[in-house]
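Written out below as structure tokens is the structure these notes cover.
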Amino acid sequence: MAELTYRDAVAAGIAQEMRRDPNVVFLGEDVAHAGGVFKATVGLLEEFGPLRVRDCPISEQAILGAAMGAAMTGLKPIAEIMFSDFLAVCWDIIANEMAKMRYMTNGQVTMPVVIRTANGAGSRFGAQHSQSLENWAMTVPGLKVVAPAYPADVKGLLAASVRDGNPVVFFEQKSLYSMKGEVPDGEHYEPLGKAKVLRSGGDCTIVALAAMVHKAMDAAEVLKREHGIDATVIDLRSLVPLDTQTILTEVARTGHLITVEENPRLCGWGAEISSIVTEECFWDLDGPIIRITTPHIPLPAADALEDATIPSVARIVETVRTRLD
Amino acid sequence: MAELTYRDAVAAGIAQEMRRDPNVVFLGEDVAHAGGVFKATVGLLEEFGPLRVRDCPISEQAILGAAMGAAMTGLKPIAEIMFSDFLAVCWDIIANEMAKMRYMTNGQVTMPVVIRTANGAGSRFGAQHSQSLENWAMTVPGLKVVAPAYPADVKGLLAASVRDGNPVVFFEQKSLYSMKGEVPDGEHYEPLGKAKVLRSGGDCTIVALAAMVHKAMDAAEVLKREHGIDATVIDLRSLVPLDTQTILTEVARTGHLITVEENPRLCGWGAEISSIVTEECFWDLDGPIIRITTPHIPLPAADALEDATIPSVARIVETVRTRLD
Amino acid sequence: MSAIPKAKKPAFEIGRETRLELFRLQLELRLCEKRAFDLFLQNLIKGTSHLSLGQEAIAAAFGVAMKADDYTFCTYRGHAHTLARGASMSGVLGELMGRECGLLAGKGGSMHLTDVEKGVMGSYAIIGAHLPIAAGAAWSAQYRGTKQVSVCFFGDGTTNIGAFHEALNFAVIWKLPVVFVCENNFYMEYTPIRSVTAVDAPAGDRAGAYGLPSIIVDGNDADIMYETAMAAIDKARAGDGPSLIEARTYRHSGHSRADPAKYRPAGELEEWLKKDPIPTYRERLLRLGFSEGTLKGIEDDTQRKVDEATAIAKASPTPSLDLIDKDVWADGSTAWRN
Amino acid sequence: MSAIPKAKKPAFEIGRETRLELFRLQLELRLCEKRAFDLFLQNLIKGTSHLSLGQEAIAAAFGVAMKADDYTFCTYRGHAHTLARGASMSGVLGELMGRECGLLAGKGGSMHLTDVEKGVMGSYAIIGAHLPIAAGAAWSAQYRGTKQVSVCFFGDGTTNIGAFHEALNFAVIWKLPVVFVCENNFYMEYTPIRSVTAVDAPAGDRAGAYGLPSIIVDGNDADIMYETAMAAIDKARAGDGPSLIEARTYRHSGHSRADPAKYRPAGELEEWLKKDPIPTYRERLLRLGFSEGTLKGIEDDTQRKVDEATAIAKASPTPSLDLIDKDVWADGSTAWRN
Ligand SMILES: Cc1ncc(C[n+]2csc(CCOP(=O)(O)OP(=O)(O)O)c2C)c(N)n1
Ligand SMILES: Cc1ncc(C[n+]2csc(CCOP(=O)(O)OP(=O)(O)O)c2C)c(N)n1
Ligand SMILES: [Mg+2]
Ligand SMILES: [Mg+2]
């Protein structure tokens, strides 16, 4: 096991797949010579050369369009969209083209393409560079949606995404890029669609994603230590496919569900999970399902304002405590 | 009361507001000389002239960008995006610019702009011209989201949208354009954020939107006639603002909730409502909340396939019946 | 409206076989499209449909000029371009009619005709999207070293959307083997292109913005189109990068099935009917010594094939409902959860 | 890298007052930006920030040339353009520092500086978006008949995104009073613009695609910029439509706070420092007979103002948390439900 940062795990994951398969290519803005604005792709140009690792103009539609055309004709492109907020400028290619092409053509094409993008808040970048947009992708049939919380998952799930054969939107959490963690040596692969129970407790189930996983884990510690509440914490890891089995099993066991989302409230993934649980294990619930989310507002920039907006450990603790009282 | 088609109610609503306020202007592709591809804006050019009713190139970003710049500087533009599927090509302007500008600038600007767009399935147009995308707009803080089911609401809610002073995405149901209904004479205005209880029954609450309202009403008839089940039917009319009071009151009264969405399943508005109800009136629920949606797939084109995909009266009846058994 | 530029003398002699094939193919596209129109009138085609009657010379010339493994990318107005690569007529008509024999078994509809086996990599219904996608297929060919060429058809109105600009710049800087073919039929839906475009030649006057030469040709002359296609395809195949071609033409029918095309000035259609690519080409062939019998034979044969295809499509059942739950994902499933 | 074109002789004599104001304003932009840099180093600015050190002549010239009610649209690299319209320095520095005195009370951050009262209609952080928005403000002015002009600043890299193309075409066909100013600093973030652009002059070589003349000028010469600005603004105000200007310049610092700019070839910065707009303008003023004392006075005065503004910003509290729940909507609220 080596200790890698989340950022280095990105490069390691891409490199692993590029070594394995010469049809894996990588493109994006400032990704090659500069190694990415988050330095998450340093070294790839040097190892794989300028035909496989390509710098692009500020043309997100062309970047993803090119990735799509290449995916339909034998390549397995990984495309970077620098910030997830910029998915909006190429949303047509993602939501209307990549996601629908295979279905519309009755299976004539496959679409093995990974869109990597830096997601989420906490860097004081303001409303246009801090959004958590997993739910945009989740609304679109035909997209897989992955969002790792740990370096090992970055590498393993990236491998699975590249090999999946479908369009995958891979959300990297920008506030986690410098986080360190153990990553298995050698080839590492984690299947999509398997949530991970990071902590098992009998009192309630907390479901989280990406940065919120770490907040949920910290909150679970506090809940145990200070309030004697023993929480299960589930890291979803992917939203599509969604590991409803793990969720339903844990909720049935604990009787209580709290979701923690970084995205603004309306139509977040927590709502979907809440609706699935209410529909499918209503009689196992011992009380309301509570969603903790960022309020339904654009994200403010100043540190004090941003910190007061995103779900915090204190808010999770307080919500769970009040709910279980 | 005059009888108008849904389509004519659009033109009537726009005309009413343009007569009232010279700062209301209207732009879009093929909207002026041709009167719109759905013929929903016939006569506006003739009445208001080419400076207020403008044909545009195929440049959705420019259309909405222009609308935004105009809205920030004193006009009240109504912009047409021909099919809601095309929101994807100008999503940045909507989601990142219009929706966030007022908040980011600490209230320095107002953004009175209405984006009208033809939404929904049933016309055998295939996966790129049939989507129900209200939930895309609902995910974005700073957007209001309106979707009328009746001609009178088209006119009244369009008036409210124009006067609202905020960016409103106004979803017109393309399968309803030829539907007729009574529309009050003279100035007509319906406030945003008020759901309408179309039918009051004690056995369950069915919440629907746009085309699904009509299916829900038909299903309620069948349920009553054939199964003795008396359903309340709520037409949401707007998703943002959301009339949670009406929903919560009716659910508390009936103990059962079924939502009927035309959109594909994941992160639809039904999920949001389910999560609100589960959180806020859990103890009033007499059983699971059931969501009826289009499956989470791109929409197939052929009539037989499309009909089998969108929620039908039969499916609503069957689901409610099974649920209440 | 800008005048169509004079036909230039072809730089090489087009062979007699090729000429016959250009005639035959144009005719096939015409007769099949007319049949589609009849099927509307019989209400056998649901949904929308966009005919390219009058524009056949372009699709036919490229169809003849392209190699079997080259890629075609078309729009909703793509019946002709799909057929021109050898897709089956019953597959096209069947798809329009929503039948099981359709190229997409009814799942896609008229705007999304695709036949990957024939190199037809899709028809795209959202303006502009397929330009970068076509560039991507060209990139793939370049990377894989296959010498395949990607050809992308679109309309004049499409030159005003952002994706056009991004795709052209991208294709040039990566020197991709892609040919962008703008079929300037002078209208975006119902709006005259000149009223919404800053330049006279929507594509031709913009080629320079990407360091490309302006190529404006008579899109109603199959020989000129063939020569133009060959030159651009050869350039691409040789590794010399993309081309942008503006082919001027006219659609005889409305924009889509719902459109009676009342917005056209009186006499405009009549002027263009005089330049109808098919009768004019027929006359040229007669002048070049082809016999009336040969041409008549082709005509009868093609009409027969269209009739046969129509019969097949009409006889084909509606698609099985099982298809609804298939092929969102590469593994054939539609599951989003376990 | 393309050479900067030779300075042309101004078409009119720039007045002495104007020249002093051009000097003063460039200096203000420079000193305030340098102060922003110091504040980073002191870790008083969180988040990101994009300096335009070296590019001041452009913002200053437009600032002097524009009328009070004209509109400015800028990018994340917009501190200078905002100040150039008269926005308060403490408002700008305060926003960078996330303080209550910030132009946006900390809600927007460095990339979104806006001061509607001064005509600064926003800074936009997603490439390309503000070009159509600026066109929209120009449309509004045209419709209301106010003779206001909209000026939109952006970089070379921005010319490759779709919104650029749509906005330019749109502005031309509607003959809008908008001036598009491309500040070509030869880099998009870390990537040399020539490596991702199909033409040499990213804006200049594309003007023709919109029927506009190519205007490429020395963006480091405040006089040339002033003359260019006046001409384009006059044209817009007279109802003669938009202009697209490519002003060549160079940023002395990295792209953003995190960037040490190692990707620049050795010596490139040094060459450009010789063409630094401020010392060169100072020399010109001395040659034109302005006294050392006058210039020194302006310098001292400006430095003092920057120091005062810094002190105000530093003394300003963090914004009240109440602001979080304000002003999503026009009524001041954030409510999405009843
Ligand atoms: C992004 C987008 N905007 C608008 C439309 C609606 N639309 C369909 S075809 C068309 C006109 C296209 O004109 P042109 O490119 O000249 O092609 P033609 O139809 O003449 O072949 C429009 C506006 C669309 N499909 N996609
Ligand atoms: C749509 C979009 N893509 C990418 C980015 C990231 N980005 C921010 S600045 C920049 C470079 C812009 O270059 P240029 O237009 O030359 O302006 P400059 O920074 O040189 O002033 C990029 C790629 C963005 N903000 N928006
Ligand atoms: Mg056309
Ligand atoms: Mg630049």
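We use all heavy atoms of the structure for the numbers below, so side chains are in, but hydrogens, waters and symmetry mates are not. The sequence lines fix the lettering, A, B, ..., with proteins before strands; numbering per chain opens at 1.
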(request) Of all the heavy-atom pairs spanning C/A203 and C/L244, show the shortest one and how long it is. (result) O-CD2, 3.6 Å
(request) Can you see which heavy atom on C/A229 is nearest to which on C/A61, and at what distance? (result) CB-O, 4.5 Å
(request) Under the ring-ring contact (aromatic ring centres under 6.0 Å, His included) rule, collect the residues that match up with C/F180, sequence neighbours excluded. (result) none
(request) Can you see which heavy atom on C/I58 is nearest to which on C/G219, and at what distance? (result) CG1-O, 3.4 Å
(message) Can you give me the closest heavy-atom contact between C/A261 and C/G254, atom names plus distance?
(response) CB-CA, 3.9 Å
(request) For residues C/A129 and C/A163, report the shortest heavy-atom separation together with the two atoms involved. (result) N-CB, 4.5 Å
Atom pairs, donor to acceptor, chain C/chain D, distance under 3.5 Å:
unit_1, atom_1, unit_2, atom_2, d
C/T159, O, D/H165, NE2, 2.6
C/N160, OD1, D/N169, ND2, 3.3
C/G162, N, D/E166, OE2, 2.7
C/H165, NE2, D/T159, O, 2.6
C/E166, OE2, D/G162, N, 2.8
C/N169, OD1, D/A198, N, 2.8
C/N169, OD1, D/R206, NH2, 2.8
C/N169, ND2, D/N160, OD1, 3.2
C/N169, ND2, D/V196, O, 3.0
C/V196, O, D/N169, ND2, 3.0
C/A198, N, D/N169, OD1, 2.8
C/R206, NE, D/A209, O, 3.1
C/R206, NH2, D/N169, OD1, 2.8
C/A209, O, D/R206, NE, 3.1

(request) Please tell me if the side chains of C/V149 and C/V179 come closer than 4.5 Å, counting only heavy atoms from C-beta onward. (result) yes
(message) Tell me which of these, D/L212, D/L168, D/I161, has more heavy-atom pairs under 4.5 Å with chain C than the rest.
(response) D/I161
(message) Is D/F170 in contact with chain C via its backbone, its side chain, both, or neither, using a 4.5 Å heavy-atom distance?
(response) neither
